[in-house]
Number of protein chains: 2
Amino acid sequence: MELPNFAQISTMFSKTCEYAIRATIYIASESSDGKRCGIKEIARKIESPEPFTGKILQRLVKANIIHSIKGNGGGFEIPQEEFTKIKMEDIVRAIDGDDLFNRCSLGLHECSDDQPCPFHHKYKPIRENLKKTLRDTSLADLILKFNSGDTYLKL
Amino acid sequence: MELPNFAQISTMFSKTCEYAIRATIYIASESSDGKRCGIKEIARKIESPEPFTGKILQRLVKANIIHSIKGNGGGFEIPQEEFTKIKMEDIVRAIDGDDLFNRCSLGLHECSDDQPCPFHHKYKPIRENLKKTLRDTSLADLILKFNSGDTYLKL
DNA sequence: ATCAAACAAGACTAAAAAGTCTTTTTAATA
DNA sequence: TATTAAAAAGACTTTTTAGTCTTGTTTGAT
């Protein structure tokens with residue numbers, strides 16, 4: 001039958017957010033090595049469009065997740081002390097807002113425990129679990145295995 | 001601080017898919033009452049744009065999830081025997097394809113158990129749980145409490 | 001002081017998703 | 001068999017998301 005896709009790319013995070021998470025991990029990894037990195041390098045390493053990556057990094061700076069140093073020799077970095085403080089949740093909220101955390105799975109405004117949509121009770125534990133994971137996963141967790149070469153950011 | 005959203009509406013299902021699920025539940029509920037319903041009625045009841053709803057219903061017909069009867073007195077319906085056979089998974093796949101089921105949370109092509117992205121091991125159980133729930137939740141489950149007035153499709 | 005190498009900001013463009021409109025096809029019924 | 005009420009089909013428009021380009025600002029090094 002093979003009918004082509006109709007609506008698309010429904011995944012947890014927006015594409016922008018995916019780039020943001022990858023970039024943050026890369027910067028943290030370089031920072032843990034004492035190195036500062038620029039947009040060009042980051043975009044190359046995480047395979048993202050360079051000017052768009054610039055935009056996303058700006059946003060991460062405003063959200064206080066990464067630091068930027070302007071001027072010659074500048075770049076982006078994250079102080080190591082912050083690795084355990086920065087959570088996946090922070091990045092996701094900074095980029096995608098909190099729809100993922102709040103929005104009804106069927107798009108209903110009034111959906112709640114008291115007035116649930118037909119999928120509410122099945123969906124709720126899944127989302128709570130996701131929220132907990134995002135809240136509990138720090139940048140330190142993410143880069144640990146990345147630095148040791150057991151996880152990857154390629155393709 | 002109040003910086004406005006940057007990237008948006010990241011939830012599990014596309015908006016189109018949300019409408020599709022709501023529409024399917026409504027049609028099933030009417031069918032369980034022996035009633036056939038038309039686009040106008042459906043759009044009104046699930047609060048979705050009428051012509052767009054038509055498009056979505058067409059797609060659900062092609063995917064064999066709902067039946068359509070053309071001509072005067074026609075409309076949409078779902079045979080009751082199918083209520084337990086039709087799963088949330090079927091609707092989601094028909095509309096959103098299988099990105100939600102397969103795609104790496106960070107957008108990496110090559111991510112797998114063998115070559116995981118930094119979030120893979122934390123994400124996998126969440127997704128597996130979601131998949132299981134979508135696989136196990138039938139239309140019969142969804143309309144049971146809806147028909148009894150314990151769940152809602154409003155707003 | 002000047003220059004060059006960075007990031008910042010904002011206007012702009014492109015692509016994808018969401019939504020509309022018009023015409024055609026179907027089928028019940030008067 | 002003409003009418004009418006429905007869905008189907010497909011071209012079209014709008015909005016949102018993704019991505020680009022140009023210009024400005026900052027700052028270290030010469």
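Throughout, a chain's letter reflects where its sequence line sits, starting with A, and its residues are numbered from 1.
- The side chain of A:P51 lies closest to D:dT20, out of C:dC7, D:dT20, C:dT20.
- For B:K55, no side-chain nitrogen or oxygen approaches OP1 or OP2 of D:dA7 to under 4.0 Å.
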- Message: I'd like to know whether B:H120 forms a side chain to side chain donor-acceptor pair (under 3.5 Å) with B:D113, so could you lay out the CA-CA distance, the side-chain angles of the two residues, the decisive distance to 0.1 Å, and finally the verdict.
- Response: CA-CA 8 Å; B:H120 183 83; B:D113 290 348; 2.7 Å; yes
Compile the donor-acceptor pairs under 3.5 Å between side chains in residues 139-155 of chain A and protein atoms, sequence neighbours left out, one pair per line.
{"from": "A:D141", "atom 1": "OD2", "to": "A:S138", "atom 2": "N", "distance (Å)": "2.9"}
{"from": "A:D141", "atom 1": "OD2", "to": "A:S138", "atom 2": "OG", "distance (Å)": "3.2"}
{"from": "A:N147", "atom 1": "OD1", "to": "A:S29", "atom 2": "OG", "distance (Å)": "2.9"}
{"from": "A:N147", "atom 1": "ND2", "to": "A:S32", "atom 2": "OG", "distance (Å)": "3.2"}
{"from": "A:S148", "atom 1": "OG", "to": "A:K145", "atom 2": "O", "distance (Å)": "3.1"}
{"from": "A:S148", "atom 1": "OG", "to": "A:D150", "atom 2": "OD2", "distance (Å)": "3.0"}
{"from": "A:T151", "atom 1": "OG1", "to": "A:F146", "atom 2": "N", "distance (Å)": "3.3"}
{"from": "A:Y152", "atom 1": "OH", "to": "A:G149", "atom 2": "O", "distance (Å)": "3.4"}

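- Checking the phosphate oxygens (OP1, OP2) of D:dA18, a side-chain nitrogen or oxygen of A:T16 falls inside 4.0 Å.
- OP1 or OP2 of D:dG19 sits under 4.0 Å from a side-chain N or O of A:Y19.
- Formation of a donor-acceptor pair under 3.5 Å by the A:D96 side chain with backbone atoms of A:S14 is found in this model.
- Counting atom types as modelled, B:Q58 pairs no side-chain N or O with a base atom of D:dA7 as donor and acceptor under 3.5 Å.
- Remark: A:S68 is not in phosphate contact with C:dA6, judged by side-chain N or O atoms under 4.0 Å from OP1 or OP2.
- Comparing atom distances between the B:F76 side chain and each of C:dA8, C:dT20, D:dA8 picks out D:dA8 as nearest.
- In terms of position on DNA chain D, the residue among A:E50 and A:N72 whose nearest nucleotide sits closer to the 5' end is A:E50.
- Here B:K15 does not reach the OP1 or OP2 of D:dT16: none of its side-chain N or O atoms lies under 4.0 Å away.
- Using cut-offs of 30° and 60° on the angle between ring planes, the pair B:Y19 and B:F52 is perpendicular.
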